[in-house]
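Inspection log for the structure reproduced underneath, given as structure tokens.
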Amino acid sequence: MTGRINKDINVRKVNDKIAVVNFSGEMDLYSTPAAKEKLTELMDAGTFNIVVNMKHTMYIDSTALGMLVGAFKRARENNGELRLVSPSDRVQKLLELTRLVNVFNIDKTEDDAISKFNGEG
Amino acid sequence: MTGRINKDINVRKVNDKIAVVNFSGEMDLYSTPAAKEKLTELMDAGTFNIVVNMKHTMYIDSTALGMLVGAFKRARENNGELRLVSPSDRVQKLLELTRLVNVFNIDKTEDDAISKFNGEG
Amino acid sequence: MSIFELKIPADPKYVMVARMTASAVAGRVGFDLGTIDDIKQAVGEACNNAIRHGCGTCGNDCTEILLHISIQEDALEITVHDRGEGFTPLDSYKEIDISDYNDLPESGMGLMIIQSLMDEVVISSSATEGTSVCMKKMLITTTISGTE
Amino acid sequence: MSIFELKIPADPKYVMVARMTASAVAGRVGFDLGTIDDIKQAVGEACNNAIRHGCGTCGNDCTEILLHISIQEDALEITVHDRGEGFTPLDSYKEIDISDYNDLPESGMGLMIIQSLMDEVVISSSATEGTSVCMKKMLITTTISGTE
Ligand SMILES: Nc1ncnc2c1ncn2[C@@H]1O[C@H](COP(=O)(O)OP(=O)(O)O)[C@@H](O)[C@H]1O
Ligand SMILES: Nc1ncnc2c1ncn2[C@@H]1O[C@H](COP(=O)(O)OP(=O)(O)O)[C@@H](O)[C@H]1O
């Protein structure tokens, strides 16, 4: 993966069980593999409570949405959760269109999201 | 001229002799005729001290630069002056490349520019 | 009628170029920002499909995607064409089924998104000609007759 | 080598589309923002010329401009082509003469700007073939030999 891609992905470990991931810019067929890799890395290391901050995600396509659903499922299977934070208007529109707005829990801030992981924070 | 073009041009009359014009967005072969029209209108009405604020001009091509030179000449012939204010980095680069930076007087603020029109302010 | 054509490599890296070109035309046509983004999205999804299903699965001579954009009297029309192996399109694409959280689908949203965001979508596909996804967005025009 | 082709109407309104497409490719290639803007500028100037001098002055069948973009091993190459009546290009274009304030030129800056901003510019022009302005921007690569 090139530096260009990874500069749009930022990971912050809150503790062993919780991490916050920021995706900025455009999440598309090209950038999604690197994003998936980051989430997979976290989960491989046992972190299943993941906050995905989408405040600066200016574009998201269906392949990126599908990737998030995949990560959501894996987190859930491992008694964790993937929560979204402050999606941009664009992302919100796509979540509604695909009805994934009913699947993901969505919070206003990273702290809100972190506080909601049951007993793990 | 359509609304789309004109919304990128903003004219403020300081007094009979002085006006401030803001060009925002892209000044190119397409938008330049409307910009020229505005400057011509001002000069036809006797306003020859013109401040062109280029803080929000994100792109300028050689046809727009040529148009500004034309207006500069006409203002000068009528004992007025066309001064530029806070060109964006992009505009500054083009002014240097074409050496027009040596032709136009350039000020930091609109007030600076207005105060420099000799005795007319 | 103004016509644009864009050819890009069938590579995920360059779908963005198609999105930007389509956005630029849509902007010049006068659509508002939200609509420009909708058009950009639809073009992105169609190009993704062209790469993933069209070119990705066929032989060697399908290494590019073609966009044909025309500004018509009443609409902006964009066709995304690939020379892949084609498929049999459905009449309409539904939202994914999210009733079972343990079995959420991770794909199958592209054509539904395109159909939702655009005013008219016609898919022509064959094994010999490849696939064309023709999408229209109507220009806002003043209604001349009618009382709505 | 990745190749892109864009055809746009020879209309001032749509030069922006060519600029955006070129910027998008330049961005994907990895140029920094300043260089992307330089490439955008050069493409804009070349398209302006194609419209003003190329297509604008010839017969009816020159209503479009063609951009050919290729990502080569060491450079991004962009050719802007029109089927206008052509001209005899100079070897190099100088800055405009600003010595006499009463006689400042209001044109003649386009090709100078293109030559300044791009690393290599080759103009081919004829009355039958029209004009091609081929512009290269070198990719930044690590110097393998040499001591500079
Ligand atoms: N350009 C294309 N070429 C071949 N098949 C396609 C093309 N576009 C779509 N399809 C087919 O239609 C199906 C549905 O597409 P879509 O709704 O975009 O979801 P997804 O691509 O995630 O499967 C694809 O799985 C594929 O079989
Ligand atoms: N595509 C073209 N077709 C025909 N003539 C051209 C073309 N591009 C440039 N020229 C000629 O070269 C001259 C210099 O161009 P340029 O430096 O861009 O300045 P300007 O366009 O303002 O005159 C033009 O005046 C025109 O005669």
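The sequence lines fix the lettering, A, B, ..., with proteins before strands; numbering per chain opens at 1.
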Would you tabulate the side-chain donor-acceptor contacts of residues 5-18 of chain D under 3.5 Å, counting partners in other chains and residues two or more places apart, or write 'none'?
| residue | atom | partner | partner atom | Å |
| --- | --- | --- | --- | --- |
| D:Asp11 | OD1 | D:Lys13 | N | 2.9 |

| field | chain D neighbours within residues 89-104 of chain C, where any heavy atom lies under 4.5 Å away | value |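 Against chain D, none of the residues of residues 89-104 of chain C fall inside the cut-off of heavy atoms under 4.5 Å.
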| message | Within the supplied structure, the quantity of interest is the number of heavy atoms (other residues, nucleotides, ligands) at a distance under 6.0 Å from C:Gln72 CD; does it exceed 12? | response |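 Buried by this count: over 12 neighbours within 6.0 Å.
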| task | Flag the one option from C:Ile3, C:Ile71, C:Leu67 with the top tally of heavy-atom pairs under 4.5 Å to chain D. | result |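 Result: the option with the highest number of such pairs is C:Ile3.
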